[in-house]
Amino acid sequence: MNHDDLVHWSKRAADWAHDYHATLRDRPVRATCAPGDTAAKLPRQAPEQPEAIETIFADFERLVPDAMTHWQHPRFFAYFPANAAPASMLAEQLANAMAAQCMLWQTAPAATEIEQVMIGWLRDALGLASHFTGTIHDSATTATLSAVLTMRERALGWAGNEDGLAQQPRLRVYASAEAHSSIDKAVRIAGIGQANLVKVPTDSDVGMDPAALEAAIRADLDAGHVPAGVILCVGGTGIGATDPVAETLIVARDHGLYTHVDAAWAGAAMICPEFRSWWAGIDGADSIVFNPHKWLGAQFDCSLQFLADPTPQVRTLGLRPDYLHTLGQTDVTDFNEWTVPLGRRFRALKLWFVLRAYGLEGLRTRIRNHVQWATEARDAIAALPGFEIVTEPRLSLFTFAWRDDAATEDLLKRVNDDGRVYLTQTRHRGRFVIRVQVGQFDCTRDDVMTLPRVLAELTGAT
Ligand SMILES: *Cc1c(COP(=O)(O)O)cnc(C)c1O
């Protein structure tokens, strides 16, 4: 295959993509295959001789789409969305065509500068103070890891990077019990250790209790440990739990701790001013992560980290060996020094396309619709016999149960086998609950209201 063939096959791929999206509603949302089905259909070894693209493309059509869960399906209500707006897909095709490596300004000047401008556009769109700058990572997990490494090094006076952790005091990091597992992963990778991630008790509204945070920090200081940082959650994955940002930031700042806010999902909603009370006080944070690849429509991977001051993170992660020096330039930004991997994709391009193609107002309308339709679905489910709303909608996420744990789990299996909608579960205060989040880019009110209809049918309530 050469570049002339690529023109033809790119057009075929575009036609395929169009048909795929036009008929998505006819597919079951969740993959229907069993483990091992796909692998069993593939040859054991790579081919020695070239194969025709016709054959490869035909195999793709035959083997892949039916063995996928369809994240762009308008009735995907599981996990959180991983939206890919058409304008984002187009930008990714263009980024693909150049296949640039954006590690330094010099290796991709436009990518670096569009990234800087997009950080500014989104900072303002989310209503953040003008001192924030930032960068784009692959995922919130990496952004949080970067923040935790920064916390560690800042607390150790940058001795950990130099000397290793063996001789260091015991560091402590604080997060609420509702915090995402990416925070557990970050403290593990950072060598701080799971045992030193303090899960601070939450109040009745499942937000971190500021008094409990204060008490935990004091107890650690008394024990001779070194508190390093606090990670706050805005829109947690389970039920949308949100810490009181202003109050907990005051406690953290009183103790000189570095602060990181995980708003991976909920951050997108802050383009709507009426939701910003969710993270009131946010301008006091050192680091904030939100994923445009969730609710905003810039497809995976695109995770944005805002930084009040990039200096400590760059000091933690930045290295500049001879072969990465840009000769004759001193005041350019080399974003690899802000992030864990050296290599970087051109992720800002899809943000540029999405923000322009839909406009902030177009994106706001979608998010407002999703929040509204989630409330309508909640009301319809609450009215069905045997159903109980366990947690009320937080933005567009709520949970429900049907009769008891066993019945709820069985219902979830039947819903997902049915295939018209896709839902996933969590545990809340020990109970097995079914999560509903509304957020797919192309979903309609009718798609959302299919959910109570399916639940009514499957429980014999119709
Ligand atoms: C999705 C999510 C993450 C992890 O996001 P990735 O980008 O997949 O690493 C972290 N925190 C919260 C609150 C999330 O919703």
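We count ligands from 1, going down the list as the structure has it; atoms in each ligand are counted the same way.
Taking every non-hydrogen atom of Phe80 and a distance limit under 4.0 Å, the qualifying atoms of ligand 1 come out as 15 (O). The distance from ligand 1 to the heavy atoms of His293 drops below 4.0 Å at these ligand atoms: 7 (O).
Across the listed options Lys185, Lys294, His137, Lys294 owns the non-hydrogen atom lying nearest to atom 2 (C) of ligand 1.
Using a 4.5 Å heavy-atom cutoff, the side chains of Leu351 and Arg347 are not in contact. With contacts defined as side-chain heavy-atom distances shorter than 4.5 Å, the pair Arg378/Glu392 qualifies.
Salt-bridge annotation for Arg30 and Asp417: present, with a side-chain N of the basic residue lying under 4.0 Å from a carboxylate O of the acidic one. With salt bridges taken as basic N to acidic carboxylate O contacts below 4.0 Å, none links Arg364 and Glu274. Classification of Arg25 and Asp447 as a salt-bridged pair holds, one side-chain N sitting under 4.0 Å from a carboxylate O.
Between Tyr422 and Tyr79, the ring planes lie perpendicular to each other; the angle is over 60°, past the 30° to 60° tilted range. Aromatic ring pairs are classed by plane angle as parallel below 30°, tilted from 30° to 60° and perpendicular above 60°; the pair Phe60 and Trp16 is perpendicular.
Here's the thing with Ser182: none of its N/O atoms is less than 3.5 angstrom from an N/O atom of ligand 1. At least one N or O atom of Ala140 sits closer than 3.5 Å to an N or O atom of ligand 1. Considering backbone and side-chain atoms alike, Thr237 places an N or O below 3.5 Å from some N or O of ligand 1.
Ranking protein heavy atoms by distance to atom 9 (O) of ligand 1, first place goes to Thr141 OG1, 2.5 Å. Among all non-hydrogen protein atoms, the one lying nearest atom 4 (C) of ligand 1 is His180 CE1, 3.5 Å. Looking only at heavy atoms of the protein, atom 8 (O) of ligand 1 is closest to Ser139 CB, 4.3 Å.
Only the side chain of Asn291 comes within 4.0 Å of ligand 1, judged by heavy-atom distances. Only the side chain of Asp262 comes within contact range of ligand 1, with a heavy atom under 4.0 Å; no backbone atom does.
Not a single heavy atom of Ser303 sits closer than 4.0 Å to an atom of ligand 1.
In this structure, Arg188 has no salt bridge (charged side-chain N to carboxylate O under 4.0 Å, His left out) partners at least two apart in sequence or on a different chain.
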